[in-house]
**Q** 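Structure provided below as structure tokens; questions to follow.
Just so you know, these numbers use all the heavy atoms, side chains as well, and skip hydrogens, waters and symmetry mates. Here is how names work: the chains are called A, B, and so on, in the same order as the sequence lines, proteins then strands, and each is numbered from 1.
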There are 2 protein chains.
Amino acid sequence: MGRPTINDVATAAGVSKGAVSFALNGRPGISPDTRRRILETAEQLGWAPSPRARALSVSKALAVGLVIARPPEILRADAFFPSFIAGLEAALSPRGHALLLQVAEQADHPAYRRLVQEGRVDGVFVTDLRVDDARPALLEELGLPAVLIGPELGEQPRERQSGLGVDDAPGIRAAVEHLIALGHRDIAHVAGPLEMVHGRSRRRAWSQTLADAGLPEGTCVEADFSAESGARAMGVLLDQAVPPTAVVFANDLMAMAGLSLALARGVSVPGDLSVTGFDDVEISAHLQPSLTSVHTDVVAWGRAAATRLLQLIDLEEPTPADLPAARLVVRSSTGPTPRR
Amino acid sequence: MGRPTINDVATAAGVSKGAVSFALNGRPGISPDTRRRILETAEQLGWAPSPRARALSVSKALAVGLVIARPPEILRADAFFPSFIAGLEAALSPRGHALLLQVAEQADHPAYRRLVQEGRVDGVFVTDLRVDDARPALLEELGLPAVLIGPELGEQPRERQSGLGVDDAPGIRAAVEHLIALGHRDIAHVAGPLEMVHGRSRRRAWSQTLADAGLPEGTCVEADFSAESGARAMGVLLDQAVPPTAVVFANDLMAMAGLSLALARGVSVPGDLSVTGFDDVEISAHLQPSLTSVHTDVVAWGRAAATRLLQLIDLEEPTPADLPAARLVVRSSTGPTPRR
DNA sequence: CATCGGAACTAAACCGGTTTAGTCGGTCGG
DNA sequence: CCGACCGACTAAACCGGTTTAGTTCCGATG
């Protein structure tokens, strides 16, 4: 005797199972009286429709997928996914959809194919987009609704796809402008991988802001978002004949590592050098010196992404998401230009 | 014309659908010849059985659940879940099981009930166990197989449950012994919440190690694993009449924040004070000074947990998991006792 | 040579819902 | 007073697999 089924309810209420289904789904053809009686017996028996059976007959999975396409080592220190997932869940579970996770190697096409072929999901989220990423085209070909998450999504709107712009440019712009206001003229950038859209868009925002201010473009070192690479990049910058007076990092992890390297080499922060990060991870506020960073509301992104995907699946008109803007959090790793 | 079904394969191969099912599942009653032919046509048609239909008929979900019971803010900085999930996935997907995620409020019983009632999962992972956690009992009552993850699990073995001991005591022990070897005699501890099993077990390991070495128990400050609380705890310790010469933190986040607070107060690390963490998050190695910490292989835990859960579900005999031991990584936040 | 047993399949029931095609009783219009 | 129509509901098909109960055909056995 496991859980009750629709048949148990039907028998108990003295109707056919079709009637129960109608009553449950609020379809016409059932008198208010009967409907109430059915719902009551269902309640009483503690019956809830089985998503399994339902999924089979409506040919839907009632689940959406998030394919995390990063090697575990990088995943390890990631601040993005936990919050993002929390946001997704917040929007999904009230609507009866489950979140299916899959961890795959970088841009692992078979992973998506499998997800589709097995029909486990009705749609997917695509993160960590790369320049010329093949996944949007693949998903379109597979006919799987998708929400693409990232800045500067190409304009080509595909069938059943929607881009959710998490525009990080204003955050970087704010950081650069903050440094300019402090008197800095030689502002370097440590970028994420430039084949990733968020690596590239942050870099572009940095150089654009400098250009807009009439300043010469500073040095840009490409790194890979890891602490290790951040420290290496800082090493390169410090080894220059004329090191920059400020460095804008594309994320906090690199910024913290870079900042520490500078300290280790006897460079005072913010005395000799100002540093900014991006993401505003928890520890940033508690370091010595604390890190000026750009705070983004990742949970809200997740919520918005999930809402959008469900709309796509149900063929509804997508409502424009208004995401909270990224905001600069000024702390003690930035200060006035040193006198030379 | 969507994906092919078992019927298409049966027709194409000129057999009944039962035969196809038998062939696919390697059951007896099909001649090697026919079996080969069936599998070939299936291959050719690009057919894979639909988990939906299969789940319905075998009354299994072919999915397992991970309920993350932490408020999003804490989740934010978490280093554990991403890696753990990667490990889970590594063991689950080859066996055709999906990972369902649910984010719930602290020990949200309805979340588990729902998961069971809807029959979406065949088993769950339970993390962040608390002392006197009600969830194991609840899950047993619901008849849902579960793997409990954490140190010092109660001995009461429940029906269809299995504890996966991620014993963090040796790691803490190694840290304390390392400090003792450096000459420290006054070693404090900043603990996680003592109502959480991993908060408590780490604390116990610290005090036990001191006792074993014949040293008096140092001060223990209870915190909550957050950076904020780590800094506060360090403040308390430094305000003591005779501050400790070394502090063992229950995780890296608190350790980093505590260490930074000490620096901010002009305390030299490791000159005046030694500090150790736990988790060995990526940034730990790159701070200034770099953090001595205990490294654990979370991905391996995840793999082991998933393997164990699948065994539980299939009523197999659980194989003892041999998890890689935690190991101390000595860096520059620990040093000899200062001369007083 | 009739019979029994087993291997190789097929037909049909089943999982638990949704959905379509009817059935039935009553009302309304002509 | 009869037929059309409608609302309320039932019966049965269907989703795509698994599984059980037969059915056939074959060789071996007494």
**Q** From CZ of Arg120(A) over to P of dC15(D), roughly how many Å is that when rounded to an integer?
**A**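 Result: 21 Å.
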**Q** Look at all strands and tell whether Ile30(B) reaches a base, only sugar-phosphate, or nothing, counting heavy atoms closer than 4.0 Å.
**A**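 Sugar-phosphate: the residue Ile30(B), judged by heavy atoms under 4.0 Å, touches backbone atoms but no base.
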**Q** Compare every heavy atom of Ala61(A) with every heavy atom of Asp122(A), then report the nearest pair and how far apart it is.
**A**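 Heavy atoms of Asp122(A) and Ala61(A) come nearest at OD1-N, 2.7 Å.
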**Q** Between N or O atoms, less than 3.5 Å apart, protein on one side and nucleotides 19-25 of chain D on the other: list the pairs.
**A**
unit_1: dT19(D); atom_1: OP2; unit_2: Arg27(B); atom_2: NH2; d: 3.2

**Q** I want to verify a distance call: between dG16(D), dG17(C), dA8(C), whose nearest atom is closest to the Ile6(B) side chain?
**A**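 Within the option list, the nearest is dG16(D).
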**Q** For the residue pair Val121(A) and Val64(A), what are the closest heavy atoms and their distance?
**A**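 Val121(A) and Val64(A) have their closest heavy atoms at CG1-C, 3.7 Å.
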**Q** Please report the distance, rounded to the nearest Å, between CG in Leu62(A) and P in dG16(C).
**A**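 Going from Leu62(A) (CG) to dG16(C) (P), I get 17 Å.
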**Q** Using whole Å, what does the distance between atom C1' of nucleotide dA12(D) and atom CG of Asn7(A) come to?
**A**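 It is 13 Å, rounded to the nearest whole Å.
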**Q** Can you find a side chain N or O atom of Ser16(B) that sits less than 4.0 Å from OP1 or OP2 on dT10(C)?
**A**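 Yes, because at least one side-chain N or O of Ser16(B) sits under 4.0 Å from OP1 or OP2 of dT10(C).
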**Q** Check whether any side-chain nitrogen or oxygen of Arg52(B) sits under 4.0 Å from OP1 or OP2 of dG16(D), and answer yes or no.
**A**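 Answer is no, no contact under 4.0 Å.
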**Q** Within a reach of under 6.0 Å around CD of Glu141(B), are more than 12 heavy atoms found that belong to other residues, nucleotides or ligands?
**A**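 Yes, the 6.0 Å shell around CD holds more than 12 heavy atoms from other groups.
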**Q** Rounded to whole Å, please give me the gap between CG in Asp8(A) and C1' in dG17(C).
**A**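 Nearest whole value for this atom pair: 13 Å.
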**Q** So if I take every side-chain heavy atom of Trp47(A) and compare against dT10(C), dG16(C), dG17(C), which nucleotide ends up nearest?
**A**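 So the nucleotide nearest the side chain must be dG17(C).
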**Q** Is there a side-chain contact between Leu66(B) and Thr127(B) in this structure, where contact means two heavy atoms from C-beta onward sitting under 4.5 Å apart?
**A**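 They are in contact (side-chain heavy atoms under 4.5 Å apart), so the answer is yes.
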**Q** So, does Ser31(B) get its side chain near the phosphate of dA7(C), meaning an N or O under 4.0 Å from OP1 or OP2?
**A**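 For dA7(C), OP1/OP2 do not have a side-chain N/O of Ser31(B) under 4.0 Å.
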**Q** Counting only side-chain N and O atoms of Thr34(B), is one of them less than 4.0 Å from OP1 or OP2 of dC9(C)?
**A**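 Thr34(B) to dC9(C) OP1/OP2: side-chain N or O found under 4.0 Å.
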**Q** Hey, which of these two, Leu56(B) or Arg35(B), hits DNA chain C nearer its 5' end, going by closest nucleotide?
**A**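 Its nearest nucleotide being more 5', the pick is Arg35(B).
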**Q** Report the distance from atom CG of Leu24(B) to atom P of dT18(D), rounded to the nearest whole Å.
**A**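 About 6 Å, once rounded to whole Å.
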**Q** Contact class for Val15(B) vs. all strands (heavy atom < 4.0 Å): base, sugar-phosphate, or nothing?
**A**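 Here Val15(B) touches the backbone only, sparing every base.
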**Q** Passes salt bridge (Lys or Arg N to Asp or Glu O under 4.0 Å), Asp297(A) versus Arg303(A)? Steps please.
**A** CA-CA 10 Å; Asp297(A) 190 345; Arg303(A) 254 195 316 265; 5.0 Å; no
**Q** Begin from the C-alpha positions of Lys60(B) and Asp314(B) and carry the test salt bridge (Lys or Arg N to Asp or Glu O under 4.0 Å) through to its verdict.
**A** CA-CA 11 Å; Lys60(B) 280 200 174 187; Asp314(B) 295 343; 3.3 Å; yes
**Q** Once you measure the plane-to-plane angle for Phe84(A) and Phe125(A), does it fall in the parallel (<30°), tilted (30-60°) or perpendicular (>60°) bin?
**A**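 Perpendicular.
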